[in-house]
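Notes for the one structure printed next.
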Amino acid sequence: MSAKNNSNYESLLYKADNSVIKAAAAVVDTYRLQYHFMPQAYWMNDPNGLVYWSGYYHVFYQHHPYSPDWGPMHWGHARTKDFINWEHLPIALAPSEDYDADGCFSGSAVVEDGVLHLFYTGYRIIDGQPVQVQCRATSSDGIHFVKDPHNPLISTYPPDGSADFRDPKVWRHDDLWFMIVGSGKDGRGKVLLYKSSDLSQWHYVGVAAESDGTQGTIWECPDIFPLGSKHVLVVSPIGAERRRVIYFVGEMDYESGKFTAEYFKKLDYGPDFYAPQTFFGADRRILLAWMDSWEANIASKKDNWAGALTLPRELAMDRNGRLRIHPLPGLKELRKERVSAANVLLENNQRVFGLCDLQKIGLEVILHADLVGTTASDFGIVFADTRNSQQITVGFKGNCGKLYLDIENAGLGNKGIFWAELLPQQEKLDIRIFLDRSSIEVFADNGAASMTARIYPRSHKLVPQLFAVDGKLTTSIELWSLAK
Ligand code: FRU
């Protein structure tokens, strides 16, 4: 649909004009997201079974289809060709057998000989104790799934692990299949490695990687994949600082079954990014994560839904062995109207860029700051409501080289200021921001850092304002209204 013919867009990004700002009323209708994946109703958490098959990206997810709270886990299912338009499909897995009586927990998918194989953790409670086993279900049409009569394929954890034994991730390397399962023992998160020649019989290899004692006591949702000339290990730790997802860059030795890390970092610096999973799509490594957290107070529960996925992100390894995370290029299809300004010069002041209504559109903002011409100790963009009582700020403090997301006064939901250290000594800094009705995602410094948060603004009528504190800011800015 062209921007002109769609009356919704015509007055969405106004030119800077205070009269428009004053006229705006603060009404919040809903937190339903406009261009992110969410369940049709009720609860979701982790993305599961991500796979590209027959022209579709299939996305499964942890789903409780009877309430907006976590409960016996099912695998919800949807598919998409572009990550913008989604087709919801019937629930793929539901608790039905002794071994998964209390839930079908997270896992992954592979395709072999035209058959889609889902690997998941069967969960049940016996005498008050959780029992977790690894299972498979298959499908030849990608819609109806049959659980393997030999389930569970892995019926107990090895001595290196513990009863926390879940989230199988399966992939092929040369002629063999490998599976890692998340676990933990003696206060250390662990990744347990298995191998198989037929996807049915699995042989335990050993501990592929474990926490150094500070990186979490249980590692959930492990993922190992090649990227450039390296391998990357991603884990979602319990028992580490606010369960922040971490990744390790290193080498995977398939002979010894050991992953050796060169360094590790946080994968995202915001509060609402957990249990990511990656897969190789049509031509690149794609990551999706649950855009919420176990700690979050999810305001949309009152409307009978909870949980969403992040935007799809492309992972790449740069020449210096650093991970770069970018929103998928295809998301540019969402762009409708643009407001932009080149060579903006601010000195200890602010400049307003119109008004946008997140009830009607999404918003993408791109800043290219020239750090040579910038002396401000703090600069960025603030999205304030028309009375300036609610603020979402994305900024950069030059003296410490830190990007921040301030949602202390962003309405209901999470509070706090979240920080990411960027590489120092840059001449330019790019910051790209995606706002939806109840989410914000920030990508900065050519994909070196991302920050993801759920926000529940009281008013969706936001006034984007560039700001510079204690000095000058030279930048360009582009604002796009986003819609399907
Ligand atoms: C991660 C997780 C997984 C588990 C699933 C249960 O968020 O705890 O380890 O399989 O959620 O829903």
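Residue numbers count from 1 along this sequence. Every number for a ligand or one of its atoms is a count from 1 in the order of the listing. Excluded from the calculations below are hydrogen atoms, water molecules and symmetry mates; all remaining heavy atoms, backbone and side chain alike, are included.
Annotation: cation-pi geometry not satisfied between Lys169 and Phe119 (NZ/CZ under 6.0 angstrom from ring centroid, within 45° of ring axis). Annotation: cation-pi pair Arg79/Tyr56 present, NZ/CZ under 6.0 Å from the ring centroid and within 45° of its normal.
Taking the six-membered ring where tryptophan is involved, the planes of Trp43 and Trp290 are perpendicular, since the angle between them exceeds 60° and thus also 30°.
The salt bridge (Lys or Arg N to Asp or Glu O under 4.0 Å) test applied to Asp186 returns no partner, not counting sequence neighbours. Remark: Phe264 engages Phe248 in a ring pair (Phe, Tyr, Trp, His ring centres under 6.0 Å) (not counting sequence neighbours). Legend: residues meeting salt bridge (Lys or Arg N to Asp or Glu O under 4.0 Å) with Asp148, ordered by chain and number and at least two apart, are Arg136.
Within 4.0 Å of ligand 1, counting heavy atoms only, the contacting residues are Asn45, Asp46, Gln62, Trp70, Met73, Phe105, Ser106, Arg166, Asp167, Glu220, Tyr274, Trp294.
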